[in-house]
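Residues: numbered from 1 along the sequence shown.
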Amino acid sequence: MAVFAKRALLGDQWHCDVRLRLAGALIGSVESGSAAQDGDTRVDTLLPAMPNLHSHSFQRAMAGMTEARAAGQDSFWTWRSLMYRFLDHLTPDHVQAIAALAFMEMQKAGYASVAEFHYLHHAPGGQRYDNPAELSARIFAAATQTGIGLTHLPVLYTHSGVDLAPLAGGQLRFGNALDAYTDLLERCRARLSALPEDARLGVAPHSLRATSPADLRQLLASWTEGPVHIHAAEQLQEVESVEARLGARPVDWLLDEAGVNERWCLIHATHMTARETERLARSGAVAGLCPITEANLGDGIFNGPAYLRAGGRFGIGTDSNVRISLTEELRLLEYGQRLTHRVRNVMTAEGASTGATLFKGALSGGAQALGRDCGCIAPGKLADLMAIDTQAPGLCALTEAQLLDGFVFASGDQPVTDLWSAGRHMVRAGHHLAEDAILADYRNAMADLRRLLDT
């Protein structure tokens, strides 16, 4: 298979008349100043496709259901209570249909891969399925149907709070003791072999409020390779409870006690001191930022400028999937900083393109967080590619140097015409190959779920 682009981003430079040969999942060769040949897939402008470093796919079906103000002060914690009630009705068929829709929407927006932070393991009430990996298998089925690149992150969730209180209510669907979790990991590893070779497995201790220090240390002692993702410092209440119980703020505790390094991705890390910000940046870990969800839940604003000055790495994720948009995640990341600091063009160096800095930074950090050899167009890299139409209204008046600024700030995701996930050409002319079947399955699943919610 070969792809011919009028223009492509190779490293930091734009090149014209670029022809790529794909060798299975990989980019085989890249030639600039070439000519198109019969049978080539022809596109306007080719970019590396983005990794999505944090998703809870089942929450896609909740979008729009939690936007009425609760009694008293509405917050992340009241939202969480609504989420628990919602998931009490989800069946394995629902989970698969929702995940397929979310994954398809990600690809149409420019994401070629996703790290699925998967903490829904059991039936309502905590009853185990005959196959303890049943719901992970449904995520694998959705990834297979959509062709998205998957880094699967089964979640260790053992306690309801940092005081080690037992799980209750909706959390019972999440819970595993460490031995049961280890069994789940091995079952997922065995099933992963049926997925394309670019699929990966990682671990996700949910947070310091849901995982004990002892279990975390034991897990890390046995998991010596591959991604480690954890929620960190998303809410002030969480920071305060961890500090009161463990004697240190969450990010400081992880850096001191857990050996955080380049394998780690700290999701949100919203509420950090200046010292924590600099230490996290120097650790080599990735800060996983999900600006749409963080805004939707009222989490707060990440300390972006100080983190970047210290050389910190970041990527973006869709988290609750309340809205799946690559460009909006990047745009809101910058706009949150502008509103906080009351200046423009914050998340970049002086004289540099903000759109390019955000886009390239998220590519690199996302690839690292997923343990995925992608993020640039070069021989030997995974063929995670997206094509955009630069004749779209938000782009057609711009120079090459302004294209990524226009894509991030002026155009939305509509210019995305094509997308390849590890060489799998899943989006063509804006249409996903499995779109009709995915939409039909999702609508049927939602009709059934709506009936359950209404009763």
Side-chain angles (χ1 to χ4, degrees), residues 3-9 14 18 41-52 55 57 60 63-64 100-114 146-149 290-293 295-296 315-336 353-360 362-363 366 377 384-421 424-436 438-439 442-443:
V3 181
F4 179 82
K6 297 177 184 178
R7 180 192 296 107
L9 184 64
W14 291 106
V18 177
T41 299
R42 302 188 187 203
V43 299
D44 179 66
T45 296
L46 200 63
L47 299 169
M50 189 66 65
N52 176 351
S55 164
S57 60
R60 175 67 183 90
L101 178 83
F103 294 166
M104 178 190 74
E105 291 179 328
M106 291 172 197
Q107 290 172 300
K108 292 181 68 175
Y111 294 107
S113 56
V114 60
T146 59
I148 200 167
C290 308
I292 293 175
T293 295
N296 183 267
I316 58 168
T318 58
D319 198 343
S320 70
N321 296 298
V322 65
R323 171 153 168 71
I324 296 174
S325 170
L326 163 59
T327 56
E328 191 169 328
E329 295 287 359
L330 292 172
R331 183 165 57 247
L332 193 53
L333 174 56
E334 168 67 18
Y335 282 175
S353 157
T354 304
T357 299
L358 292 169
F359 189 83
K360 294 173 186 177
L363 280 173
I377 300 175
D384 285 0
L385 307 165
M386 69 167 159
I388 61 173
D389 177 11
T390 59
Q391 293 306 302
L395 301 176
C396 63
L398 303 179
T399 66
E400 283 186 345
Q402 297 169 328
L403 278 179
L404 289 177
D405 290 322
F407 183 53
V408 171
F409 293 105
S411 70
D413 303 318
Q414 294 86 347
V416 176
T417 61
D418 293 75
L419 183 125
W420 290 260
S421 293
R424 300 178 290 274
H425 191 185
M426 301 309 301
V427 177
R428 307 182 183 193
H431 186 83
H432 193 282
L433 293 187
E435 187 161 348
D436 294 343
I438 289 170
L439 288 174
Y442 180 76
R443 288 172 179 140

Peer 1: Taking all non-hydrogen atoms of both residues into account, name the closest pair between A49 and L363 and its distance.
Peer 2: O-CD2, 3.3 Å
Peer 1: Check whether any side-chain heavy atom of H431 lies under 4.5 Å from a side-chain heavy atom of D436, and answer yes or no.
Peer 2: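 Side chain of H431 against side chain of D436, heavy atoms only: contact under 4.5 Å found.
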Peer 1: Mark yes when over 12 heavy atoms from residues, nucleotides or ligands other than K360 sit less than 6.0 Å from its NZ; otherwise mark no.
Peer 2: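 Yes, because the 6.0 Å sphere around NZ of K360 holds more than 12 heavy atoms from other groups.
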Peer 1: State the CZ-CG distance between F103 and L101, to the nearest 0.5 angstrom.
Peer 2: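 So the CZ of F103 and the CG of L101 are separated by 10.5 Å.
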Peer 1: Take R60 and E105, measure what side chain to side chain contact (heavy atoms under 4.5 Å, CB included) needs, and give me the verdict at the end.
Peer 2: CA-CA 10 Å; R60 175 67 183 90; E105 291 179 328; 2.7 Å; yes
Peer 1: Considering all heavy atoms of both residues, which atom of T293 and which atom of S320 are nearest to each other, and what is their separation?
Peer 2: OG1-OG, 3.0 Å
Peer 1: Distance from Q107 atom CD to M386 atom CE, nearest 0.5 Å?
Peer 2: 12.5 Å
Peer 1: Would F409 and L358 count as a side chain to side chain contact (heavy atoms under 4.5 Å, CB included) here? Give the steps.
Peer 2: CA-CA 11 Å; F409 293 105; L358 292 169; 4.1 Å; yes
Peer 1: Say whether, by atom type as modelled, one donor and one acceptor occur between the side chain of R331 and the main chain of V408 under 3.5 angstrom.
Peer 2: yes
Peer 1: For K108, does its backbone N or O pair with a side-chain atom of H432 as donor and acceptor, under 3.5 Å?
Peer 2: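 No; judged by distance alone, with no hydrogens or angles, the pair does not exist.
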Peer 1: Have N321 and S57 got a donor and an acceptor in their side chains that come within less than 3.5 Å?
Peer 2: no
Peer 1: Quick check: does any side chain N or O of R424 sit under 3.5 Å from a backbone N or O of G147, one acting as donor and the other as acceptor?
Peer 2: yes
Peer 1: With no hydrogens and no angle check, is any side-chain donor or acceptor of H425 less than 3.5 Å from a backbone partner on V427?
Peer 2: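 Looks like yes, one N/O pair under 3.5 Å.
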Peer 1: Check the pair L46 / W420 against side chain to side chain contact (heavy atoms under 4.5 Å, CB included), numbers first and verdict last.
Peer 2: CA-CA 11 Å; L46 200 63; W420 290 260; 4.0 Å; yes
Peer 1: For a quick test of your reading: what N or O donor-acceptor pairs under 3.5 Å do the side chains of residues 387-397 make, sequence neighbours left out?
Peer 2:
residue : atom : partner : partner atom : Å
D389    : OD1  : Q391    : N            : 2.9
T390    : OG1  : D44     : OD2          : 2.6

Peer 1: How long is the gap from CD on E329 to CZ on R323, to the nearest 0.5 Å?
Peer 2: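 Answer for the CD-CZ pair, E329 versus R323, is 9.5 Å.
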Peer 1: Specify the closest pair of heavy atoms between W14 and E400, including all atoms of both residues, with the distance to one decimal.
Peer 2: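 Closest heavy-atom pair between W14 and E400: NE1-O, 3.0 Å.
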Peer 1: Given side chain to side chain contact (heavy atoms under 4.5 Å, CB included), test Y442 with M104 step by step and report yes or no.
Peer 2: CA-CA 11 Å; Y442 180 76; M104 178 190 74; over 6 Å; no
Peer 1: T354 and D405: which non-hydrogen atoms are nearest, and at how many Å?
Peer 2: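 Result for this residue pair: N-OD1, 3.5 Å.
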Peer 1: To the nearest 0.5 Å, what is the distance between CD1 (I377) and CG (L9)?
Peer 2: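 Interatomic distance, I377 CD1 to L9 CG, rounded to 0.5 Å: 6.5 Å.
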Peer 1: Do you know the tightest heavy-atom contact between I148 and Y111?
Peer 2: CD1-O, 4.4 Å
Peer 1: In Å and rounded to the nearest 0.5 Å, what is the CE to CG distance from M106 to L419?
Peer 2: 12.5 Å
Peer 1: Working to the nearest 0.5 angstrom, can you tell me the gap between L404 CG and Q402 CD?
Peer 2: 11.0 Å
Peer 1: Do you know the tightest heavy-atom contact between A63 and V322?
Peer 2: CB-O, 3.7 Å
